Amino acid sequence: MGKVVAFVDLDYFFAQVEEVEKPELAGKPVVVCVYSGRTEDSGVVSTANYPARRYGVKAGIPIKRAKKLLPPEAVFLPIRLQHYTQLSRHVMSILDRYADRMRIESIDEAVLDITNRVGGDFEKAAEYVAGMKTEVLRATGLRCSVGVAPNRVVAKIAADISKPDGLRVVKSEEVEDFLSPLPVNSIPGIGSKAAASLAEMGVKTVEDLKQLSLETLEKLFGRKRAEYVYFAARGKYDEPVEPRPPPKQVSRIITLKRNTRDVDDVIAELSRAVADGLARMEALQAAASRVGAVAITSDLRTITRQAEIRPGASYEEVLKILRKLFQEILQQDARLQLRRAGVRFSDFVSQAGQSTLSGYIE
DNA sequence: TCAATGCACGC
DNA sequence: CCCTTTTGCATTGA
């Protein structure tokens, strides 16, 4: 028997949370912002609600540009990530009760295998999922969009298309007709770069994409991605719904008050992020054996350097190594100015003889 | 095999 | 006209 998979996506999540908690925002454009602290209004839009989107405001655009696009009644709020995380957990705990197996994809997305819950029946799935949406709404005030399909890729696309507050079921026999007319970038994993190279070849829709051989795709995307795209375009990319494994790396990045090539400045401004990253590692019960410096230059290029550390290295030890790494980066080009700086912990090793390395053999 | 880079995707 | 943050993965080049 084929699977029944539901993909749940909380609508414009962060902005929706603000709307739910502040009824006076009703009907107004709401923009949740990541302020970088460099100047007043420097930073980007994290999420915008639908009234704001009508003016062309969306995730990723500069706050300044959003202010120009929107009328005076628009409301700009700073991101409250911890709060959204709490609400997300609440929602996920509800969703979990509706699933045979669930995978939390991100703060606002989850994939549920509901095959047994609905006896493999897509008609039943529609009602079942509608009930789930209602419970989430009653418990939290939040609306979500849900796609139901035989696998997670198609389910995600169905959820995307149904937004906001949507519910779209795509039965097995409907999958091909559902996918064919969609633009190639509807497929998760095909972003702007991949879509652009495909467009150059005249490939615009999933139907067009299906005409390309595995070999052609391989030349465009490399082996792994080609295989994924090949099957995804046919609605046949399938994998079991399994919980997300623990993170393999922890990183923190900050925007510097001003561009600099002074290592002391960089380290001073980065220190809080380092402490924060170490706290996250502690919470994960993980110890890194590598640490990396991430430098973003004034022209927004990214340069990275890594070094080995003693797993469980202290804050001071980490700062010392980071200082060396940033020095290396700056020395490679005397003209470099850093705009942003970050730290990355990776290559985790865990205690008690366990190994996080997948290739580990007893 | 390792280090560095780039793409994707999310908000 | 301005440019945040986090993680995973694949490719590339040595």
Side-chain angles (χ1 to χ4, degrees), chain A residues 7 9-18 31-39 41-49 58-69 77-81 83-85 87-88 104-110 156 159-160 185-197 218-229 244-256 259 273 276-277 280 284 290-308 325 328-329 332 339-348 358-359:
Chain A
F7 194 101
D9 188 331
L10 290 160
D11 299 326
Y12 61 101
F13 180 39
F14 300 168
Q16 197 194 169
V17 170
E18 301 294 347
V31 184
V32 175
C33 302
V34 183
Y35 290 100
S36 69
R38 169 165 272 233
T39 63
D41 287 352
S42 68
V44 296
V45 170
S46 173
T47 322
N49 68 354
K58 55 183 179 176
I61 75 166
I63 296 164
K64 273 182 194 149
R65 198 195 300 175
K67 293 212 164 172
K68 284 178 200 161
L69 289 168
L77 300 169
I79 190 167
R80 296 190 290 154
L81 208 49
H83 183 59
Y84 310 140
T85 302
L87 267 158
S88 169
I104 297 172
E105 284 297 339
S106 67
I107 195 166
D108 75 324
E109 292 179 336
K156 175 165 171 56
D160 286 342
N185 63 1
S186 307
I187 295 177
I190 300 191
S192 61
K193 302 282 180 177
S197 6
E218 222 167 292
K219 281 171 195 141
L220 279 171
F221 300 128
R223 219 188 81 197
K224 283 283 200 174
R225 205 169 222 32
E227 216 163 281
Y228 164 75
V229 169
R244 195 173 246 280
K248 298 185 167 109
Q249 51 173 267
V250 166
S251 68
R252 292 291 183 269
I253 190 162
I254 53 129
T255 299
L256 301 164
N259 294 357
D276 204 47
R280 171 76 178 136
L284 289 170
R290 298 188 73 79
V291 64
V294 180
I296 289 136
T297 59
S298 48
D299 57 348
L300 298 181
R301 285 182 309 119
T302 303
I303 303 170
T304 60
R305 286 288 179 282
Q306 335 187 22
E308 197 152 353
L325 291 169
E328 272 181 45
I329 289 171
Q332 79 178 24
R339 179 188 174 89
R340 309 179 60 214
V343 57
R344 174 156 62 217
F345 299 100
S346 64
D347 296 77
F348 295 171
S358 56

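Worth knowing before you read on, the calculation uses all heavy atoms, side chains too, and leaves out hydrogens, waters and symmetry mates. By convention in this document, chain letters (A, B, ...) are assigned in the order of the sequence lines, proteins followed by strands, and residues within each chain are numbered from 1. Treat the numbers as computed from the prediction; the structure is a model and nothing was measured.
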Please encode protein proximity along nucleotides 2-11 of chain B as a string of B, S and -, counting only heavy-atom distances under 4.0 Å. -SSB-SSSSB
Separation between CD of A:Glu18 and NE2 of A:His83, rounded to the nearest 0.5 Å: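 It comes to 7.0 Å.
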What's the spacing between A:Thr302 OG1 and A:Leu300 CG if we round to 0.5 Å?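 So the OG1 of A:Thr302 and the CG of A:Leu300 are separated by 8.0 Å.
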Indicate yes or no for a side-chain donor-acceptor contact from A:Ser88 to the backbone of A:Tyr84 under 3.5 Å, with no hydrogens or angles considered.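 Not at all, since once roles are kept as given, no pair shorter than 3.5 Å links the two residues.
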Hey, does the side chain of A:Glu218 reach the backbone of A:Ala226 with a donor-acceptor pair shorter than 3.5 angstrom?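 No, because the side chain of A:Glu218 does not come within donor-acceptor range (under 3.5 Å) of the backbone of A:Ala226.
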When you match A:Gly222 and A:Pro247 each to their closest nucleotide on DNA chain C, which lands nearer the 5' end?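 It is A:Pro247, whose closest nucleotide lies nearer the 5' terminus.
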Which comes earlier along DNA chain C counting from the 5' end, the contact point of A:Arg280 or that of A:Val34, where each point is its nearest nucleotide?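 The residue mapped nearer the 5' terminus is A:Val34.
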Looking at every non-hydrogen atom in both residues, tell me the closest pair between A:Val45 and A:Ala66 and how far apart they are. CG2-CB, 3.9 Å
What contact category does A:Arg339 fall into here, base, sugar-phosphate, or nothing, at under 4.0 angstrom with non-hydrogen atoms? sugar-phosphate
Mind checking A:Thr255 for me? I need base, sugar-phosphate or nothing, with any heavy atom below 4.0 Å counting as a touch. sugar-phosphate
Contact boundaries on DNA chain C for chain A, cut-off under 4.0 Å to non-hydrogen atoms: C:dC1 to C:dT11
Is there a side-chain contact (heavy atoms from CB on, under 4.5 Å) between A:Leu81 and A:Ile107? Walk through the geometry before answering. CA-CA 10 Å; A:Leu81 208 49; A:Ile107 195 166; 4.3 Å; yes
Determine the interatomic distance between P on C:dC3 and the same-named atom on B:dG10; round to the nearest Å. 23 Å
When A:Asp41 is tested against each of A:Lys64, A:Lys68, A:Lys67 for salt bridge (Lys or Arg N to Asp or Glu O under 4.0 Å), which residue passes? A:Lys67
Might you work through the side-chain contact (heavy atoms from CB on, under 4.5 Å) test for A:Asn259 and A:Arg38, ending with a clear yes or no? CA-CA 10 Å; A:Asn259 294 357; A:Arg38 169 165 272 233; 2.8 Å; yes
